[in-house]
Amino acid sequence: MQYLNIPLKTPVQHIRSGQFNADLGWRHHRFTHRSDTEILIGLAGRVDVNVAGTDYTLAAGDVLTVFPHETIVGTRGTLIPSRFFWCHFIAPTQVSTRPMRQIAVLPRFFHLRDLAKVFINIQQVLDVAHNEYYLAQAADYQTTMLIIELANRAWAARQNVTGDHTQIKEWIRTHMNESLTVGAIADHFNLNPDYMTRIFKRETGMPVIEFLNSVRLDYARYLLLTTTDTVHSICHQSFFNDAKYFSRIFKKKFHLTPSAYRTAYTHTFVNNQQVDPGGDINQYVALIEKSQKENSRH
């Protein structure tokens with residue numbers, strides 16, 4: 001995902017704006033921007049375009065940002081009557097692959113869950129831009145307010161991790177073999193790393209990296225209980241690169257070294273058991289521990 005970062009210490013400069021009604025078969029002409037940015041907001045129907053080599057479909061509630069010096073062109077004629085708002089403006093901008101902080105950020109493409117309030121902003125821009133005002137900067141300020149509203153909506157969508165922490169947990173489980181960092185996980189979900197860490201800890205009771213380690217440690221426990229592999233081998237099979245670090249955090253979590261943990265249970269191996277990489281391995285381990293404890297009593 002690409003983002004356009006717009007500092008708003010001063011208002012943007014409104015150039016042109018309008019609402020376009022596309023008849024059946026209409027296709028966006030090829031247009032290459034100069035230093036101006038264009039925002040397109042779908043109001044009805046469907047418009048297919050290509051921006052900087054990537055295809056997009058603009059439907060009701062969709063927001064597409066065309067960055068400075070990029071080319072937009074229609075990819076096919078409209079199949080149903082369509083309508084969209086467009087606005088060109090000039091402002092200092094910076095393109096990045098992750099949103100910057102304390103600045104207005106417009107993603108390349110995102111969807112508005114509720115178009116009503118933004119539609120009011122659109123009508124205000126059109127009203128100011130197409131009527132005579134004593135101060136010519138009126139359209140600049142109104143366009144800036146639209147950008148702020150869109151940036152706030154996009155920010156809110158990116159931060160909506162509350163209730164989605166389960167999705168993040170499952171994604172970590174299925175990717176525990178990779179060199180994961182908080183930044184990499186946040187990038188996958190288009191979230192601010194600090195915000196994701198704070199919300200994840202609030203919802204799960206532990207930081208992201210601690211959860212990742214716990215998933216890997218559960219897999220290590222499973223291997224300790226179901227194989228005769230060496231501790232050193234299990235360390236690497238459970239995706240830890242440092243054996244000393246592995247032993248230290250294992251003991252901290254389970255109050256036993258890996259070797260002591262293994263000897264604490266009888267060796268009733270369950271080598272034919274299949275472990276789903278995306279499943280909660282802790283559940284497998286709990287069953288094995290229970291079974292082996294029961295066997296040790298007989």
Could you give the distance from CG (D242) to CD1 (I249), rounded to the nearest 0.5 Å?
-> 9.5 Å
More than 12 heavy atoms from other groups under 6.0 Å of OH on Y141 | no
Does S238 reach the main-chain N or O of L217 with its side chain, forming a donor-acceptor pair under 3.5 Å?
-> no
Between K117 and R153, is any pair of side-chain heavy atoms under 4.5 Å apart?
-> yes
Checking side-chain hydrogen bond (donor to acceptor under 3.5 Å, both in side chains) for the pair T75/D55: CA distance, chi angles, key distance, verdict?
-> CA-CA 8 Å; T75 55; D55 291 339; 5.1 Å; no
Search all heavy atoms of A60 against all heavy atoms of L43 and return the closest pair with its distance.
-> CB-O, 3.6 Å
When the ring planes of W86 and H88 are compared, do they come out parallel, tilted or perpendicular, using 30° and 60° as the limits?
-> perpendicular
Relative to the ring of Y219, is the ring of F239 parallel (under 30°), tilted (30 to 60°) or perpendicular (over 60°)?
-> parallel
Establish whether F84 and V63 are linked, either directly or via other cluster members, by ILVMFWY side-chain heavy-atom contacts under 4.5 Å.
-> no
From CA spacing to verdict: side chain to side chain contact (heavy atoms under 4.5 Å, CB included), V182, D194 | CA-CA 9 Å; V182 171; D194 292 339; over 6 Å; no
What is the minimum heavy-atom distance between V47 and T78, and which atoms define it?
-> CG2-CG2, 4.2 Å
Within a reach of under 6.0 Å around NE2 of H232, are more than 12 heavy atoms found that belong to other residues, nucleotides or ligands?
-> no
Atom of I41, atom of L58 and distance for their closest heavy-atom approach | C-CD2, 4.2 Å
Is the backbone of V73 close enough, under 3.5 Å, to the side chain of N50 for a donor and an acceptor to pair up by distance?
-> no
Just wondering, do M196 and I168 contact through their side chains at under 4.5 Å, heavy atoms?
-> yes
Does one hydrophobic cluster hold both L4 and V49, with members joined at side-chain heavy-atom distances below 4.5 Å?
-> no
In this structure, CG of D229 is separated from NE2 of H236 (nearest 0.5 Å) by 12.5 Å
Quick one: CG on L126 to OG1 on T143, what's the gap to the nearest 0.5 Å?
-> 9.0 Å
ILVMFWY cluster, V105 and L112 together (side-chain gap under 4.5 Å) | no
Transitive ILVMFWY side-chain link I148 to V128, under 4.5 Å = no
Verify, without hydrogens or angle tests, whether T32 (side chain) and T71 (backbone) share a donor-acceptor contact under 3.5 angstrom.
-> no
Examine F211 and I209 and state if one hydrophobic cluster contains both, with Ile, Leu, Val, Met, Phe, Trp and Tyr joined whenever side-chain heavy atoms are less than 4.5 Å apart.
-> yes
Between the main-chain N or O of R34 and the side-chain N or O of H69, is there a donor-acceptor pair closer than 3.5 Å?
-> yes
Would you say I147 and I39 make side-chain contact, with heavy atoms under 4.5 Å?
-> yes
What closest approach, in Å, do S17 and A129 show between heavy atoms, and which atom pair accounts for it?
-> OG-CB, 3.8 Å
State whether the side chain of T227 and the backbone N or O of L224 hold a donor-acceptor pair below 3.5 Å, judged by distance alone.
-> no
Just how far is it from atom NE2 of H28 to atom CG of D48, taken to the nearest 0.5 Å?
-> 12.5 Å
Could you walk me through whether F109 and D62 pass side chain to side chain contact (heavy atoms under 4.5 Å, CB included), step by step?
-> CA-CA 7 Å; F109 185 86; D62 290 335; 3.6 Å; yes
Is there a side-chain contact between L40 and I72 (heavy atoms, below 4.5 Å)?
-> yes
Smallest separation among heavy atoms of L212 and I172, with atom names | CD1-CG2, 3.6 Å
Determine the interplanar angle of the F246 and F240 rings, folded into 0 to 90°, and report it as parallel if under 30°, tilted if 30 to 60°, perpendicular if over 60°.
-> tilted
Does a sphere of radius 6.0 Å around CZ in R198 hold more than 12 heavy atoms from other residues, nucleotides or ligands, not counting ones at 6.0 Å or beyond?
-> yes
If you round to the nearest 0.5 Å, how far is OG1 of T10 from CG of L8?
-> 8.0 Å
Has the side chain of R216 got a donor or acceptor atom that lies under 3.5 Å from a matching backbone atom of M176?
-> yes
Working to the nearest 0.5 Å, report the span between CD of E70 and CD of Q2.
-> 6.5 Å
Does some side-chain heavy atom of F85 sit less than 4.5 Å from a side-chain heavy atom of V125?
-> yes
Quick one: sort the W171 and H188 rings into parallel, tilted or perpendicular, breaks at 30° and 60°.
-> parallel
Centroid-to-centroid, H33 to F31, below 6.0 Å?
-> yes
Would you call I234 and F250 a side-chain contact if the rule is heavy atoms closer than 4.5 Å?
-> no
Test side-chain contact (heavy atoms from CB on, under 4.5 Å) applied to D36 and V12, V66, I90, the passing residue = I90
With a 4.5 Å limit on heavy-atom distance, are the side chains of L79 and R46 in contact?
-> no
Would you check if V51 and Y56 make a side-chain contact, meaning some heavy-atom pair closer than 4.5 Å?
-> yes
If you take all heavy atoms of V231 and S259, which pair is closest and at what distance?
-> CG2-OG, 3.5 Å
Matching residue for C87 among H14, Q19, R16, E38 - test: side-chain contact (heavy atoms from CB on, under 4.5 Å) | H14
Please determine if E203 and K169 form a salt bridge, counting it only when a charged side-chain N lies under 4.0 Å from a carboxylate O.
-> no
